[in-house]
Amino acid sequence: MASASKFQVMTLTDAAAERVCELVDNADKPALGLRVGIKKGGCAGMEYAMDLVEEASPGDDVIEDKGAKIFVDPSAVLFLLGTEMDFEVTKFRSGFIFKNPNEVSACGCGESVSLQAADLGAHARN
């Protein structure tokens with residue numbers, strides 16, 4: 001069963017929430033929302049990972065914001081704490097953008113990042 005934390009791990013902009021809802025509504029199979037996690041990869045060491053969710057996994061942190069539902073992989077919570085998820089469309093690309101205070105550096109192409117775990121003490125004081 002999914003758990004709800006006392007503070008929200010991530011926030012979504014209006015554009016991100018709208019795109020998540022579009023993805024869920026247009027999925028080939030019934031979907032509950034979008035899972036966001038972190039995986040090893042890319043030249044900076046880590047990449048954001050996203051998949052449609054058919055059913056919640058134990059330990060998922062569930063965020064419901066602006067009509068969208070995000071499931072945060074439990075192993076990624078400390079790396080995503082305080083992150084704002086956005087969606088942008090430019091002349092050359094469209095995609096989700098993560099404004100993550102735990103990001104230490106990013107590669108030149110913007111596909112991978114280096115992250116550090118969030119300071120839980122700082123978030124508890126806020």
Side-chain angles (χ1 to χ4, degrees):
M1 179 159 193
S3 66
S5 65
K6 52 190 161 190
F7 52 86
Q8 190 164 297
V9 175
M10 294 175 52
T11 58
L12 284 81
T13 64
D14 291 342
E18 184 178 321
R19 182 63 179 149
V20 169
C21 289
E22 287 173 4
L23 289 171
V24 170
D25 291 345
N26 295 315
D28 293 336
K29 300 177 186 175
L32 299 174
L34 189 70
R35 176 169 285 110
V36 177
I38 302 291
K39 66 180 182 177
K40 291 185 181 200
C43 49
M46 299 177 129
E47 298 175 332
Y48 296 102
M50 292 174 284
D51 293 296
L52 288 170
V53 174
E54 292 180 40
E55 70 178 61
S57 296
D60 278 347
D61 201 301
V62 181
I63 300 164
E64 294 187 59
D65 193 10
K66 301 174 181 78
K69 194 179 258 190
I70 299 290
F71 295 80
V72 179
D73 185 308
S75 65
V77 168
L78 286 178
F79 295 106
L80 295 174
L81 196 60
T83 297
E84 179 187 66
M85 184 174 164
D86 194 6
F87 182 79
E88 73 172 8
V89 177
T90 68
K91 185 174 182 176
F92 297 108
R93 74 174 288 281
S94 65
F96 288 105
I97 305 286
F98 294 89
K99 296 173 186 156
N100 188 337
N102 308 304
E103 189 175 300
V104 178
S105 64
C107 68
C109 66
E111 293 297 318
S112 67
V113 294
S114 178
L115 301 170
Q116 66 183 9
D119 176 1
L120 288 178
H123 286 280
R125 292 187 291 271
N126 291 337

> If you look at every heavy atom in L12 and A68, which pair is closest and at what distance?
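Looking at all heavy atoms of both residues, the closest pair is CD2-CB, 4.1 Å.
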> Within the distance-only criterion (no hydrogens, no angle test), does the side chain of D73 pair as donor or acceptor with the backbone N or O of S75 below 3.5 angstrom?
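A pair under 3.5 Å: yes.
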> If every non-hydrogen atom of A56 is compared with every non-hydrogen atom of F71, which pair is closest and at what distance?
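For A56 and F71, the tightest heavy-atom pair comes out as CB-CE2, 3.7 Å.
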> Output yes when a side-chain donor or acceptor of N26 lies under 3.5 Å from a complementary backbone atom of E22, and no otherwise.
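Yes; judged by distance alone, with no hydrogens or angles, the pair exists.
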> Closest heavy-atom contact between D65 and Q8?
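Of all heavy-atom pairs spanning D65 and Q8, the closest is OD2-NE2, 3.8 Å.
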> Going through the checks in order, is the side-chain contact (heavy atoms from CB on, under 4.5 Å) test met by E84 and T13?
CA-CA 7 Å; E84 179 187 66; T13 64; 3.5 Å; yes
> Shortest non-hydrogen contact from G37 to A76?
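Shortest heavy-atom contact: CA-CB, 3.8 Å.
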> By salt bridge (Lys or Arg N to Asp or Glu O under 4.0 Å), which residues pair with K66, not counting sequence neighbours?
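Here no residue qualifies.
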> Taking side chain as C-beta onward, heavy atoms only, is V36 less than 4.5 Å from F98?
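In short, these two side chains touch, coming nearer than 4.5 Å.
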> Between S57 and R35, is a side chain to side chain donor-acceptor pair (under 3.5 Å) present by the stated rule, with each step listed?
CA-CA 10 Å; S57 296; R35 176 169 285 110; 3.2 Å; yes
> Using every non-hydrogen atom in the two residues, find where G59 and P74 come nearest and quote the distance to one decimal.
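In terms of heavy atoms, the two residues are closest at O-CG, 3.4 Å.
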> Following the transitive rule for hydrophobic clusters with a side-chain heavy-atom cut-off under 4.5 Å over Ile, Leu, Val, Met, Phe, Trp and Tyr, establish whether I97 and L34 coincide in one cluster.
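Different clusters.
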> Measure the shortest side-chain to side-chain distance between P101 and T83 over non-hydrogen atoms and say whether it is less than 4.5 angstrom.
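They are in contact (side-chain heavy atoms under 4.5 Å apart), so the answer is yes.
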> I need the minimum non-hydrogen distance between A31 and V24, along with the two atoms involved.
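Heavy atoms only, the tightest pair is O-CG1, 3.3 Å.
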> If I take atom CE from residue M50 and atom CE from residue M85, how far apart are they, to the nearest 0.5 angstrom?
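Between atom CE of M50 and atom CE of M85 there are 5.5 Å.
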> Output, in order, the C-alpha distance, side-chain angles, deciding distance and verdict of side-chain contact (heavy atoms from CB on, under 4.5 Å) for Y48 and N100.
CA-CA 11 Å; Y48 296 102; N100 188 337; 3.1 Å; yes
> How long is the gap from CD1 on I70 to OG1 on T11, to the nearest 0.5 Å?
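Here the rounded value is 10.5 Å.
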> For a side-chain contact (heavy atoms from CB on, under 4.5 Å) check, start with the C-alpha distance between E88 and F96, then their side-chain angles and the critical distance, and finish with the verdict.
CA-CA 6 Å; E88 73 172 8; F96 288 105; over 6 Å; no
> Set out, in order, the CA-CA distance, both residues' side-chain angles and the distance that settles side-chain contact (heavy atoms from CB on, under 4.5 Å) for D60 and V72, then state yes or no.
CA-CA 6 Å; D60 278 347; V72 179; over 6 Å; no
